[in-house]
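The residues of the chain are indexed from 1 along the displayed sequence. Values in this document were obtained by computation on a predicted structure and should not be read as measured data.
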Amino acid sequence: MFEVEKSWMEFFFLLIAAIGLIFALVVPSAIVGYALVFVSGYFAGRVLYQRRTNIIFPFYIIVAGFLIGYLIGMQYGNRIIATVLYIAGAVLSYQLHSKGILRDRLY
């Protein structure tokens, strides 16, 4: 039987990778794909910032899952540019949140 508490990282990695794959297959052009991957990296940076007090390795794997799924299904554009944009979006978001320029309100 599937035990969530033992393999939650693998489950969420596959789920997020599948979402990235679906997004990559739906994107009609390279420009839209680059924008999507930058915004996705931005959200990944926000998640990592929220978990900064007790970040553990599985969260890095889960965040990388979207990028891996997206790169597998990417039809248009360059994979290296997409990777750089994803990382740049994540770093930018993390820095903006850590400096207090952007604030989150958790409901």
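With rounding to the nearest 0.5 Å, the separation of NE2 in H97 from OH in Y42 is 5.0 Å. To the nearest 0.5 angstrom, F11 atom CZ is 10.5 Å from I62 atom CD1. Here the straight-line distance linking atom CG of L36 with atom CD1 of I31 works out to 13.0 Å at 0.5 Å rounding. To the nearest 0.5 Å, the span separating CG on L14 from CD1 on I19 amounts to 11.5 Å. To the nearest 0.5 Å, the span separating CG on L67 from CD1 on I16 amounts to 12.5 Å.
Under the 4.5 Å side-chain heavy-atom criterion for Ile, Leu, Val, Met, Phe, Trp and Tyr, V26 and L15 are members of distinct hydrophobic clusters. In the hydrophobic cluster analysis, where Ile, Leu, Val, Met, Phe, Trp and Tyr join through side-chain heavy atoms closer than 4.5 angstrom, Y34 is grouped apart from V84. Under the 4.5 Å side-chain heavy-atom criterion for Ile, Leu, Val, Met, Phe, Trp and Tyr, M9 and V47 are members of distinct hydrophobic clusters. Both I101 and L48 are members of a single hydrophobic cluster when ILVMFWY side chains are connected at heavy-atom separations under 4.5 Å. Both I56 and I61 are part of a single hydrophobic cluster, where members link through side-chain heavy atoms under 4.5 Å apart.
Under the 4.5 Å side-chain criterion, counting only non-hydrogen atoms from C-beta, F38 is in contact with L92. Contact check for T83 versus Y70: no side-chain heavy atoms found under the 4.5 Å cut-off. Side chains of V27 and Y76 form no contact here, defined as non-hydrogen atoms less than 4.5 Å apart.
The shortest heavy-atom contact between A44 and V63 is CB-CG1, 3.3 Å. Taking every heavy atom of both residues into account, M74 and A24 meet most closely at N-CB, 3.7 Å. Nearest heavy atom pair, residue A82 against residue L71, reads CB-CD2, 4.0 Å.
Within the cation-pi definition used here (under 6.0 Å to the ring centroid, within 45° of the axis), R52 qualifies as a partner of Y49.
Residues forming a ring-ring contact (aromatic ring centres under 6.0 Å, His included) with F59 (at least two apart in sequence, or on another chain): W8. Annotation: side-chain contact (heavy atoms from CB on, under 4.5 Å) contacts of V39 (sequence neighbours excluded): F43. Contacts of F13 classified as ring-ring contact (aromatic ring centres under 6.0 Å, His included), with partners at least two apart in sequence or in another chain: none.
Using a 30° and 60° split on the angle between ring planes, F23 and F66 fall in the perpendicular class, above 60°. In this pair, Y60 and F57 present their aromatic rings tilted. The plane angle is within the 30 to 60° band.
Listed for the S93 side chain is no donor-acceptor partner under 3.5 Å among the backbone atoms of A90.
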